[in-house]
Amino acid sequence: MKNQNSFKNYPASQSWSGPKRQYDLIKELVIAIVVVAVLSIGLSALFSSPDERAVTMKSWATHNPIDLAQTAVGELAGTTTSAGYGAPYNQNGSGQSIAFISPQKWLGVRIPINSAQDLVIKPLATSNIPGATDLVSKWNSTSADQQIKWANDFAKAFDKDNALLSANNANVQNSDGKYGPVPAIVNDLLTMARSGALDGALTTSDSPLPTNFTKPLLFLADGGSYFSSIASKYHLQGSQWGVMNETGSWPGQSWLWLFSFWYQIPPFNSSPAGDLWVGLIMGVLTFALLLLPFIPILRRIPYWIPIHKLIWRNWYSDPDSKN
Amino acid sequence: MSISWTAKVRKSTLEKLPPDQLLPDTQPKYVASWIYTFGVLTIAAFVMLVASGLILTIKGPNWWHVSHLGHFINSIHLWNVELFFAFMVIHLWGKFWMAAWRGKRFATWATGIFAFIGSIVTAFTGYLIQTNFDSQWIATQAKDSFNSTGIGAIINPLNTGQAILLHVAMLPLILGLIVVVHIILVRRKGVVTPISNDHQYMEGKF
């Protein structure tokens, strides 16, 4: 591959003029389709496929209301992952960068998310719970500093004493006005979630026929334990090679093994720019695979490790191959 | 009198892809190894993926959650994804050990790599549109990877509607076109010569 002109004298680039054999390509394709059809139908009959039901705000509020309540307070306080994420959701974080490389920042805010407003206040504003609109008005008419103080103070109190959430009715206890409207907002949000109304409110803000689940999924991912504990149960966490796993014992995207591998080793498994590092490494490796025929050492490996002798063993033992 | 554009295209196509080169009924005698079957097996799995995917498309994204037949078709789709990648990876490794890029076949190699990357992206969007817990979790995990590289500003894994359109309408079409170009290049260039018969490669000239 050193010089295109030299291909004129390179037999491998010219049509084969040696001995030939009969070969029916169409018959081979038809047989292959039949074999693969039988194989895949057989595997499906034997092993089926996984389908663990999607989680919802309703299931979250039912199975782990404390986690939902704490996450909602975090959204109001601006302390959750989405609240401080940066691009493409907001400007509250710098995003991942390595030296001067920060594509996250370069592309800017494209999917605007204000976690307090979009995940808590605006959904609550759609509620018909008595008094909910007054809570929204009170929150919105308060200074940002006061909002954050209320939410942070309540978050601390809640962390110390989960009993603020009544075990009997899963309602947040009234706290004598120390935390402004925050306990009541969380109360009403829990009520909405338990009824299923929060699922609708989070997805229908852009269109009454939802296809975009960015808001509920960001809310779930902000959560402390409910969503991630289910993932742990199915071995789907990043530290469990989760990218290439599937729920249950079914095979997943095993072809992502190399991508997943980098997340298991330092420094990538603890770097704040781990995703960017892995993305760049995989980009370079993919480019190297594409250009492998031009990379001096790599393109000689098939010569040094002659597996081709196994592949073409019939041909190499044929007297015609010597001519 | 100038030749019409149509005649020019026909003439050029027949010159570059004569029917006996596009669909030959003979192959060089060295084309006799199990490794040659994995390319066509990959195509066969792709055909099955399109067929099962079309049924799932016609019935809509929620059908397989509520119908035994739908679940079975989904299983066929899933197992063909697994078979498709297994066949393709063996095919790719086979072509590597055959140094199949030799003899002006870089375009064939490159389209194969594009098909490999395109398949990974297409499969990934398929996992995003399962509309179950797995797809929810994959979407929330993938967002950080997408966002960190800037891709997330354009393709949002949390937007299920976008993923459905990519997986069903756009990506299979692009992948199908890449595969067609790849197959045409294989037919145009012919099957690569065995390494031991390629004296220039053996001597390190290529």
Side-chain angles (χ1 to χ4, degrees), chain A residues 1 7 10 12-13 15-16 18-25 28-29 32-33 36-37 40-41 43-44 48-49 51-55 88 96 103-104 106-107 110-111 211-214 217 221 231 236 238 246-247 251 253 255 275-276 279 286 289-290 293 302 307-308 311-312 314-316 320, chain B residues 25-33 35 40-41 44-45 47-48 65 72 74-76 78-80 82-83 85 97-99 101-104 106 109-110 113 117 120 123 131-134 136-137 139-140 144-145 147-150 152-153 156 158-161 190 193-196 198 200 206:
Chain A
M1 298 255 172
F7 278 122
Y10 184 21
S13 66
S15 296
W16 175 252
K20 295 195 172 183
R21 61 184 286 246
Q22 290 293 313
Y23 204 106
D24 194 336
L25 290 169
E28 185 189 34
L29 176 63
I33 291 172
V36 173
S40 59
I41 290 170
L43 286 165
S44 304
S48 188
S49 56
D51 186 20
E52 294 302 329
R53 196 172 174 79
V55 294
Q96 297 189 25
Q104 193 168 348
W106 295 339
L107 282 139
R110 300 298 178 97
I111 308 163
T211 57
N212 185 350
F213 295 86
T214 299
L217 287 174
L236 297 177
E246 172 62 275
T247 51
Q253 301 179 80
W255 43 91
D275 294 300
L276 182 55
T286 304
L289 180 63
L290 177 67
I307 291 177
H308 69 91
I311 292 170
W312 282 303
N314 292 337
W315 168 247
Y316 290 150
D320 283 340
Chain B
D25 55 3
T26 61
Q27 287 294 325
K29 199 174 177 182
Y30 57 78
V31 182
S33 166
I35 198 71
V40 75
L41 282 168
V47 169
M48 286 297 295
H65 297 302
F72 188 65
N74 178 76
S75 302
I76 292 174
L78 171 97
W79 284 106
N80 271 292
E82 299 293 334
L83 292 172
F85 274 96
W97 293 115
M98 294 156 93
W101 54 79
R102 290 172 293 120
K104 275 186 162 178
F106 173 68
W109 171 267
I113 299 303
I117 298 163
I120 290 172
T131 54
N132 61 12
F133 178 80
D134 196 39
Q136 287 179 307
W137 181 256
T140 55
D144 298 325
S145 183
N147 291 339
S148 71
T149 51
N156 174 12
L158 308 176
N159 185 341
T160 311
T193 313
I195 287 177
S196 294
D198 184 347
Q200 282 90 336
F206 287 95

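Values reported hereafter were calculated over all heavy atoms of this structure, with side chains retained and with hydrogens, waters and symmetry mates removed. Reminder, nothing fancy here: chain letters follow the sequence lines and each chain counts from 1.
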Measuring from [X]:[atom1] to [Y]:[atom2], what's the distance to the nearest 0.5 Å?
X: B:Ser75; Y: A:Ile41; atom1: OG; atom2: CD1; result: 11.5 Å
X: A:Leu289; Y: B:Ile117; atom1: CG; atom2: CD1; result: 7.0 Å
X: B:Ser148; Y: A:Asp275; atom1: OG; atom2: CG; result: 4.5 Å
X: A:Arg53; Y: B:Gln136; atom1: CZ; atom2: CD; result: 10.5 Å
X: A:Ser49; Y: B:Asp134; atom1: OG; atom2: CG; result: 11.0 Å

Smallest separation among heavy atoms of [X] and [Y], with atom names:
X: B:Ala44; Y: A:Val36; value: CB-CG2, 3.8 Å
X: B:Asp144; Y: A:Gln96; value: O-NE2, 4.4 Å
X: B:Ile120; Y: A:Trp255; value: CG1-CD1, 3.9 Å
X: B:Phe133; Y: A:Val55; value: CD1-CG1, 3.9 Å
X: B:Leu158; Y: A:Asn212; value: O-OD1, 3.8 Å
X: A:Leu290; Y: B:Phe106; value: O-CE1, 3.2 Å

Contact origin within [X] toward chain A - heavy atom pairs under 4.5 Å:
X: B:Ser196; result: both
X: B:Ile113; result: side chain
X: B:Ile35; result: side chain
X: B:Trp109; result: side chain
X: B:Val47; result: side chain
X: B:Ala139; result: side chain
X: B:Leu78; result: side chain
X: B:Met48; result: side chain

Intermediate values then yes/no, side chain to side chain contact (heavy atoms under 4.5 Å, CB included), B:Lys29 and A:Asp320: CA-CA 9 Å; B:Lys29 199 174 177 182; A:Asp320 283 340; 2.8 Å; yes
Is there a side-chain contact between [X] and [Y], using heavy atoms and a 4.5 Å cut-off?
X: A:Trp312; Y: B:Met98; result: yes
X: B:Trp101; Y: A:Pro302; result: yes
X: B:Trp137; Y: A:Thr247; result: no

Considering only heavy atoms, which portion of [X] lies under 4.5 Å from any heavy atom of chain B: side chain, backbone, both, or neither?
X: A:Tyr316; value: side chain
X: A:Trp16; value: side chain
X: A:Asp51; value: both
X: A:Leu236; value: both

Check for a donor-acceptor pair, side chain of [X] on one end and backbone N or O of [Y] on the other, with a separation under 3.5 Å.
X: A:Arg21; Y: B:Val31; result: yes
X: B:Ser33; Y: A:Ile311; result: yes
X: B:Trp79; Y: A:Ser48; result: yes
X: A:Ser44; Y: B:Ile76; result: yes

Winner by heavy-atom pair count (cut-off under 4.5 Å) against chain B, out of A:Gln253, A:Arg110, A:Gln22, A:Glu246: A:Gln253
Residue, of A:Ile33, A:Thr214, A:Leu107, that accumulates the most heavy atom pairs under 4.5 Å with chain B: A:Thr214
Modelled atom types, side-chain donor and acceptor of A:Ser40 and B:Asn80, under 3.5 Å: yes
Side chain to side chain contact (heavy atoms under 4.5 Å, CB included) between B:Asp25 and A:Asp24, worked out: CA-CA 5 Å; B:Asp25 55 3; A:Asp24 194 336; over 6 Å; no
Top contributor to chain A contacts, counting heavy-atom pairs under 4.5 Å, from B:Pro28, B:Ala153, B:Gly161: B:Pro28
Intermediate values then yes/no, side chain to side chain contact (heavy atoms under 4.5 Å, CB included), B:Thr160 and A:Phe213: CA-CA 6 Å; B:Thr160 311; A:Phe213 295 86; 3.2 Å; yes
Whether A:Trp315 and B:Tyr30 hold their rings parallel, tilted or perpendicular, with breakpoints at 30° and 60°: perpendicular
